[in-house]
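Structure first, commentary second.
Sequence lines set the chain letters: A, B, ... in the order given, protein chains first and strands last, and positions in each chain run from 1. It should be emphasised that the depicted structure is a prediction, and the values quoted were computed from it without experimental measurement.
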2 protein chains.
Amino acid sequence: MHTQFASTATERAVPRGFFASLANESENLGALALPGAVSKKPPGETLFREGDAADGVYEVISGMLRICKLLPDGRRQITGFVPAERLIGISLGGAYSYTAEAITEVMVRFYRRSALDRLMLERPQLTRHLLGAAAQELHMAHELMLMLGCKDALEKVASFLLLMADQQGGEVDAAEIHLPMDRHDIADYVGLTVETVSRTFTRLKRSKVIALRTANCVEIHDWDRLDEMASR
Amino acid sequence: MHTQFASTATERAVPRGFFASLANESENLGALALPGAVSKKPPGETLFREGDAADGVYEVISGMLRICKLLPDGRRQITGFVPAERLIGISLGGAYSYTAEAITEVMVRFYRRSALDRLMLERPQLTRHLLGAAAQELHMAHELMLMLGCKDALEKVASFLLLMADQQGGEVDAAEIHLPMDRHDIADYVGLTVETVSRTFTRLKRSKVIALRTANCVEIHDWDRLDEMASR
DNA sequence: CGTAATCTTGATCTGATTCAAATGTCGTGG
DNA sequence: CCACGACATTTGAATCAGATCAAGATTACG
């Protein structure tokens, strides 16, 4: 009943060379070269909430997560979108400091805290790897802070699009970006309202810098101008 | 000529049990229980700039640093204020991703990257320690992103004051907070203009929640109300 | 198809910025 | 010791970017 077998999951996102030997609901070696339980989360599901006991680290295999912080009255800041191959939940300290939710259907591999703690002593390289992941997360956080604190609506949306572009367009500047998240998520990421995000998309369309195939599929026509607009 | 001997430095901030045996310009064991070169930086001096080769990690012994990100046109986001006992410059990746500058006169201990890399293999605990520092930094970054993206001017300034309070008031709620940074720094931290920050201080004064001894010394009179105002 | 979301557009309002000036603070030299 | 000047902070008035409120338009889905 609960365990469903993947067939749609593999099409969603582009996991790079990870799927070679995936036996879905069993144990497997991931980026950490460690055994970890693989599971599938439907869109909207919460992996963990801010404040929950931080009992492990997740690696995203496919799909995309959003990382959120909430104020008591419900206002939300999305502090990151997590694509395949990234780790989240590194916390050192008893509790997660943010919430993680699936945007698309997501495959994740879970590494138990207890196992990691034990293994970190034996394999220094593992700790190094985690430190690297944390440093990367920190770098992205700094970029986002710069955006939230300094940039105006146009700059924010342009920056967001460029981020999404190089997050998925490891290939060519294929010029066609898929946005798995809805406008509300985008708004809460860049610190604007849905309406302003929408208006800004329209502005970019009118100036021929982008085109919208659908609401979730952006064609970038003028990379240079988009780059200027982002003020990086 | 260049090497000055401390006498004013020790009064500045409150290093907790760190100064027991400090022979200023020589090598010493710090929080990492490692040898590292100690040096003194005058207010305003840059430790390193975003983009510089990241050749090591600094530990603040006394005083306070600011961490900045800049846009090409000069707009600035301060992503953190670094008090004594904290590490900065963990970067894994060849370059620092932010700039670090002294706000007050600062004593720092420097750990060379090469030395750390070597030692991390021998002493797993060291890597763990660095991971812990990174995790803490990340936690603070998340709080700041929430503030920048969601909060209004009053909430931002209230949050800022509470942060400063528990950053230094390890003791009692002594109610007297010293702000080593100027209004411009505060503004660039909370994502407002100097004028708005000043107006907000005035607002807090008028409502008797705080009082200003001087521009850099805040007395907190009503912790509960300040806490509500911060919307945490 | 029709109904409910999501997304877009429009009109108005408001909190924060901008520009400008006054006040306050501190160090320096007369 | 006090006057002066440089700089930081505060205050005021006008403006504006983005939020809010309110409909439409589009899309997804049963």
Worksheet item: Does A:Thr202 place a side-chain N or O at less than 4.0 Å from the phosphate oxygens OP1/OP2 of C:dT9?
Response: yes
Discussion item. Mind checking if B:Thr196 touches a base, just sugar-phosphate, or nothing, with heavy atoms under 4.0 Å?
Written reply: base
Discussion item. If I take atom NZ in residue B:Lys205 and atom P in nucleotide C:dG24, what distance separates them, rounded to the nearest angstrom?
Written reply: 11 Å
Discussion item. Evaluate B:Ile67 against B:Ile78 for side chain to side chain contact (heavy atoms under 4.5 Å, CB included), listing each step before the verdict.
Written reply: CA-CA 6 Å; B:Ile67 302 299; B:Ile78 293 183; 5.6 Å; no
Worksheet, complete the sentence: Ranking D:dG18, C:dT18, D:dT10 by distance to the side chain of B:Thr193, first place goes to C:dT18
Item to complete: Remember a base hit wins even if backbone is also touched, and classify A:Leu212 as base, sugar-phosphate or nothing at under 4.0 Å, heavy atoms.
Response: sugar-phosphate
Worksheet item: Starting at NE2 of B:His184 and ending at C1' of C:dT17, how long is that distance when rounded to a whole Å?
Response: 13 Å
Worksheet, complete the sentence: In whole angstroms, the gap separating C1' of C:dA16 from CG of A:Asp152 amounts to 14 Å
Discussion item. Taking B:Arg49 first and then B:Glu101, would you say they form a salt bridge - that is, a charged N and a carboxylate O separated by under 4.0 Å?
Written reply: no
Practice prompt. Could you check A:Ala215 against A:Val197 and say which one's nearest nucleotide on DNA chain D is further toward the 5' end?
Written response: A:Val197
Worksheet entry | Gap between atoms CZ and P, on B:Arg199 and D:dT10 respectively (whole Å) | 11 Å
Practice prompt. Look at the side-chain N and O atoms of A:Ser198 and state whether any lies under 4.0 Å from the OP1 or OP2 oxygen of C:dC7.
Written response: no
Item to complete: Take atom CZ of B:Arg183 and atom P of D:dT11, then tell me their distance rounded to the nearest Å.
Response: 11 Å
Fill in: Rounded distance (Å) that lies between atom C1' of C:dT17 and atom NZ of B:Lys156
12 Å
Worksheet item: Does a side-chain N-to-carboxylate-O contact under 4.0 Å join B:Arg76 and B:Asp185?
Response: yes
Worksheet, complete the sentence: Comparing nearest nucleotides in DNA chain D, the 5'-proximal residue of the pair A:Ala153, B:Met181 is B:Met181
Worksheet item: In whole angstrom, what separates B:Arg213's CZ from D:dT9's C1'?
Response: 19 Å
Worksheet entry | For B:Leu148 against A:Met145, the heavy-atom pair lying closest together | CD1-O, 3.7 Å
Worksheet item: Does the pair A:Lys41/A:Glu105 count as a salt bridge with the N-to-O cut at 4.0 Å?
Response: no
Worksheet item: Between C:dC7 atom P and A:Glu195 atom CD, what is the distance in whole Å?
Response: 12 Å
